[in-house]
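The block underneath contains the structure these notes are about, expressed in structure tokens.
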Amino acid sequence: MNKNWEVIISGSGGQGAILAGIILAEAALADGYNVIQTQSYGPEARGGASRAEVLISSEALAYPKVQNCNLMVAMTQESLNKYGGMLAPGAILVTDEEIDTSSVPDGVIVHKAPIFATAARLPRPMVANIMVLGIMNTVANVVSPEHLQAAIQARVPAATIQLNMEALAKGIEIGQQLV
Amino acid sequence: MANKKLIQGNEACVEGALAAGVRFFAGYPITPSTEIAEGMAERLPLVGGAFIQMEDEIASIAAAIGASIAGVKAMTATSGPGFSLMQENIGFAAMTEIPVVVVDVCRGGPSTGTPTKGSQSDFMQTRWGTHGDHPVIVLTPSSVQEVYDETIRAFNLAEKYMVPVILLYDEVVGHMREGVVLTKPEEIIERKKPSVKPEDYRPYAAAEDMIPALAPFGTGYRYHITGLSHDETGFPTGNPKAIQGLLERICGKIEANRHDIIKYNAFDVDDAEAVILAFGSPVRTARHVQKEARARGKKVGLFQILTAWPFPHEALQEIYAKTQASFVIPEMTLGQLADEVSKSVPRDKIYSVLRNDGEMITPAQLEEAVRRVLE
């Protein structure tokens, strides 16, 4: 099947956007696609807008950055304001229900979900990034759920696997309600 | 596909170095190179090697040179500000002919510049950062796979030619993750060993190939090493003939082997009207643009530099003589690469695409330049 995803996962530094991007890329590689993951962040360790970009394609990839974003996760208002303009017509946007999406270009499919309200009820809200991966993948069907799960298990700290699996399951559940 | 691993450029550098046999790393963390130090700290003890975090970059390269002359493959890694501090000892390694691999993951400069963003503006510094006529080899990978392969080649060339080798790649390549295959190296080169008895040993009495056999310290060969101009014994000399002879030999051993050291990829250049010439991450933009141009029937080629120094002038002269093509040069500097190319291609055939704001040169930007050149 021909696949061509140009994904941006954005948030505030420390929210785990880059880790989410790495996990998505690893799952897509396991699915047999060509992948490139890049990132953009500032010199600060926390805060500031940070983004991971993931290209997933059945074709060979050369240029490593997103040109026509057809799937975006925005975890903060600042990141949506900063990167929203990169959304191509027909793209899918997954964001929190609290975020103002009125400036998103026409023709973008917007999915608003109670990301942070749900994450706050989990034992550690920092797994919101993994929950978002679950939502995004359920809505957009980017990678196989098995490989997504395996990639999360391989990349998160061993002691937090159970917690992250719960976050993933919650994300999938939310995603199913959205579509 | 299944055996491909998703790793970062900097992680591929660690893997390549280990595959080449590195057993010593001394460094001081600096963005965007720190993952190399982190990986080495984790991995070297597992293979009987040593990792030291030094007090600064001057000490880091000094420690690596020291480990190397004890017979161990050694390296350090840094970025612009640290690379500036390392310059004097790069010259020391070149002068004393001690192999060492120095990785410069290039960020924006000058000074502390733009730590988290890419640039290629250390290009000329890799060649001429240290003072004096000196030999150096600089390799410039553009993908995670190439970082792995070129790191192995860096160690091989350092050992073969007894010279510092610099691996130069930008932040984009260092932090990018791609699927790679970590194949076992086809060839691992170890430095020459002395073939004479300790009492007959003259460390810098190089054979016809101009490459000395430096005995690892502690193996029974007593000799002197100095950054001063020295003769075959390794002791300082003021003899004009010996001074000039030394410089001609240490530079000559690289010049005489350009064919072995220089590596590049030429795509569709034979009939090209425009050749995009690049190294590092702009190669990625260039390949994208070049393929699309060919698909539209445009005669566009790509020349990818993998060995930046010595610079592949012969190949460029040959391409230009054959095609009279225009050269479009995207670089993340204010024109350093184009300047060097102008030694082989007429100035009025060179079209620069310059960007040094931390962002990659985009396909749209390069396409526009190629379109204008073809008009």
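This structure is a prediction, so every number in the text was calculated from the model and none was measured. These numbers come from the heavy atoms of this one structure, side chains and all, not from hydrogens, waters or symmetry mates.
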With a 4.5 Å limit on heavy-atom distance, are the side chains of [X] and [Y] in contact?
| X | Y | answer |
| --- | --- | --- |
| A:Q39 | B:Q8 | yes |
| A:I22 | B:R177 | yes |
| A:K65 | B:T285 | no |

> Who among B:A286, B:G118, B:P363 has the most heavy-atom pairs with chain A under 4.5 Å?
Replying inline: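 Of the options given, most contacts go to B:P363.
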So which part of [X] gets closer than 4.5 Å to some heavy atom of chain A, the side chain, the backbone, both or neither?
| X | answer |
| --- | --- |
| B:T31 | side chain |
| B:I361 | backbone |
| B:S281 | neither |

>> Restricting to non-hydrogen atoms, name the atom on B:L6 and the atom on A:L29 that form the minimum distance, rounded to 0.1 Å.
In response: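 Closest heavy-atom pair between B:L6 and A:L29: N-CD2, 3.7 Å.
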> For chain A, which residues from residues 287-295 of chain B have at least one heavy atom closer than 4.5 Å to it?
Replying inline: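 Within residues 287-295 of chain B, the residues that come under 4.5 Å of chain A (heavy atoms only) are B:R287, B:H288, B:K291.
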> Non-hydrogen atoms of chain B under 4.5 Å away: do they reach the side chain of A:Q67, the backbone, both or neither?
Replying inline: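 It is the side chain, since no backbone atom gets that close.
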> Is a side-chain N or O of B:E178 found less than 3.5 angstrom from the main chain of A:V35, in a donor-acceptor match?
Replying inline: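 Between the backbone of A:V35 and the side chain of B:E178 there is no qualifying donor-acceptor contact (under 3.5 Å).
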>> If I take atom NE2 from residue B:H175 and atom OG from residue A:S40, how far apart are they, to the nearest 0.5 angstrom?
In response: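 If we round to the nearest 0.5 Å, B:H175:NE2 and A:S40:OG are 11.5 Å apart.
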